[in-house]
Amino acid sequence: MSRRFLSHTPSVVGFVAFALSFQPMSTDLYLPSLPAITQQLGLGVSASQWTLLALLLGFALSQLVWGPVSDRIGRRKVLLVGGAMYALSALACALSGSGAMLIAARATMGCGLAAMIVCVRALVRDLYEVQEGQQVFARALTGMAIAATLSGVAGGLLAKWADWRFTLGLLGVLALMLWALTWRHVDDDGTQKVNAKADAPPAPTWAPWLHILRHAEFRLNTGLAGFTYAEAILFIGGSSLVLVRHLGVSPGTVGLLMTLYSGCFLAGTMLCRRVLRQAGRPQALRLASQMSGTACVGFALLALTGGWQNVLLLMLVQMAYMLGHGFNQVCSQSGAVAPFPENAGTAAALSGTLMILCSVLLGQLQSWVLGQTPAALPCFAAVNAGMAGLLAWRLRHRW
């Protein structure tokens with residue numbers, strides 16, 4: 001980034017928040033239109049779920065490439081390539097005439113998304129020390145949560161008033177805006193090669209991965225990030241079909257519910273920032289563990305009693321979970337990268353890959369079980385919320 005940009009923390013926060021926003025926008029904008037996509041392209045339940053899972057799979061696996069590459073050649077080049085890839089694949093999504101083409105384009109979109117997310121997560125570690133970087137990342141996640149909240153409203157309105165192709169094409173336009181900001185304002189002065197020496201031979205590519213994987217703090221933070229994200233994304237993806245097909249909820253209402261969930265996530269990130277500033281990370285993790293555990297119990301009760309068929313009850317438990325999800329995301333994503341200032345891109349990539357692979361594997365299982373019974377939705381939510389609560393509790397006692 002240009003030095004003037006680097007010295008202005010609000011600009012860094014805004015740029016990072018905009019880039020991070022593509023992660024929820026890539027799902028939240030189109031999910032209210034998923035029933036229409038399923039109908040127009042003749043997709044079954046499993047294939048329709050793969051329009052989401054393909055994005056996540058591309059996002060997960062390509063991070064293993066983007067992270068080490070960005071450590072070596074700089075964030076700017078990888079951001080430009082990723083932004084262009086995302087924009088072109090969004091156009092391909094909008095022009096898709098079959099489920100196979102749409103799924104392939106969504107997977108490519110995930111690859112572009114990975115480049116953007118890995119670079120901006122590592123960028124915060126490049127520019128700031130651990131404590132300040134945690135606060136900056138929390139502020140950026142708050143901005144991302146605002147975008148996610150607006151995406152839910154916009155996705156519901158677009159599902160009602162516009163064709164799903166327009167919705168997916170809109171993502172490409174937004175990616176071009178990020179590409180232009182990167183081109184104008186981002187360079188690599190001071191943001192890469194923090195441990196490189198021009199005359200030193202490169203270390204084996206697997207060496208930093210093994211070093212990172214051996215770190216217990218990394219494993220616990222990545223596990224927390226994986227299960228908390230899995231619950232959030234798979235509940236939204238599964239409920240968009242369950243609510244419309246089985247409970248008679250309109251796509252517009254689904255978009256409104258997604259907005260409420262995102263609003264709770266936004267509130268969680270804002271509360272987490274305050275707790276981190278006033279009481280520190282252990283207290284934030286304690287609250288995260290309590291909220292996730294409470295949601296786990298709530299989902300389990302809904303599954304056992306059949307209360308999941310009550311949309312209001314299901315919504316309230318998920319809203320409670322999303323409040324804790326804001327705490328979980330801030331603590332886990334910053335915590336996974338913090339111990340590795342010299343390999344921030346690799347750590348962000350490895351953490352992100354494992355996080356998304358967890359969601360993809362659980363999502364594939366959930367999509368199969370949902371094809372048999374919609375009651376699987378609260379069951380999976382209970383398991384994921386319980387694991388998130390357990391890992392947050394474990395991290396708190398290690399800190």
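Looking at Asn384, Thr228, Thr294 one by one, the single match for side-chain hydrogen bond (donor to acceptor under 3.5 Å, both in side chains) with Tyr321 turns out to be Thr228.
The two residues Ala376 and Val369 make their nearest non-hydrogen contact at CB-CG1, 3.3 Å. Phe327 approaches Ala288 most closely through the heavy-atom pair CB-CB, 3.7 Å. Considering all non-hydrogen atoms of both residues, Ala349 and Gly67 come closest at CB-CA, 3.5 Å. Minimum heavy-atom separation, Arg219 to Arg214: NH1-O, 2.9 Å.
Annotation: Met315, atom CE; neighbour count of heavy atoms from other residues, nucleotides and ligands within 6.0 Å is above 12. Atom CE of Met177 has 12 or fewer neighbouring heavy atoms from other residues, nucleotides or ligands inside a 6.0 Å radius. Remark: Gln39 CD is loosely packed, at most 12 non-hydrogen atoms of other residues, nucleotides or ligands lying under 6.0 Å away. Taking a 6.0 Å sphere around CZ of Arg274, one finds it holds 12 or fewer heavy atoms contributed by other residues, nucleotides or ligands.
For Tyr229 (side chain) and Gln329 (main-chain N/O), no donor-acceptor pair under 3.5 Å exists by modelled atom type. Looking only at distances, no side-chain donor or acceptor of Ser351 sits under 3.5 Å from a matching main-chain atom of Ala347. Judged by distance alone, the side chain of Arg281 and the main-chain N or O of Leu276 form no donor-acceptor pair under 3.5 Å. Of the possible polar contacts, none joining the Arg106 side chain to the Leu52 backbone as a donor-acceptor pair under 3.5 Å is found. At least one donor-acceptor pair under 3.5 Å links the side chain of Trp66 to the backbone N or O of Cys111. Looking at Gln366, its side chain does come within 3.5 Å of a backbone N or O of Leu234 through a donor-acceptor pair. At least one donor-acceptor pair under 3.5 Å links the side chain of Thr27 to the backbone N or O of Pro24. Proximity of a side-chain donor or acceptor of Arg165 to a complementary backbone N or O of Ser96 within less than 3.5 Å is detected. No donor-acceptor distance shorter than 3.5 angstrom exists from the side chain of Ser33 to the backbone of Ala36, with no hydrogens or angles considered.
Defined by atom type and a distance below 3.5 Å, a donor-acceptor pair is present between the side-chain atoms of Ser26 and Tyr86.
Counting heavy atoms from C-beta on, the side chains of Val136 and Leu127 never come closer than 4.5 Å. Annotation: side chain of Val311 is in contact with side chain of Leu257 (closest heavy-atom distance under 4.5 Å). Put simply, the side chain of Phe299 reaches to within 4.5 Å of the side chain of Gln318, judged on heavy atoms. In this structure, Thr51 and Leu43 have side chains that are in contact, with non-hydrogen atoms separated by less than 4.5 Å. Here the side chains of Leu362 and Phe227 are in contact, with some heavy-atom distance below 4.5 Å. Using a 4.5 Å cut-off on side-chain heavy atoms (C-beta onward), Leu113 and Met116 make contact. Looking at Ser289 and Arg396, their side chains never come closer than 4.5 Å, going by heavy atoms from C-beta outward. A heavy-atom distance below 4.5 Å is found between the side chains of Trp50 and Leu57.
A cation-pi arrangement, defined by a distance under 6.0 Å to the six-membered ring centre and an angle within 45 degrees of its axis, is present between Arg76 and Trp183.
You'll find the ring centres of His211 and Phe340 inside the 6.0 Å limit.
If you take CG on Leu176 and CG on Leu181, they are separated by 11.5 Å, rounding to the nearest 0.5 Å.
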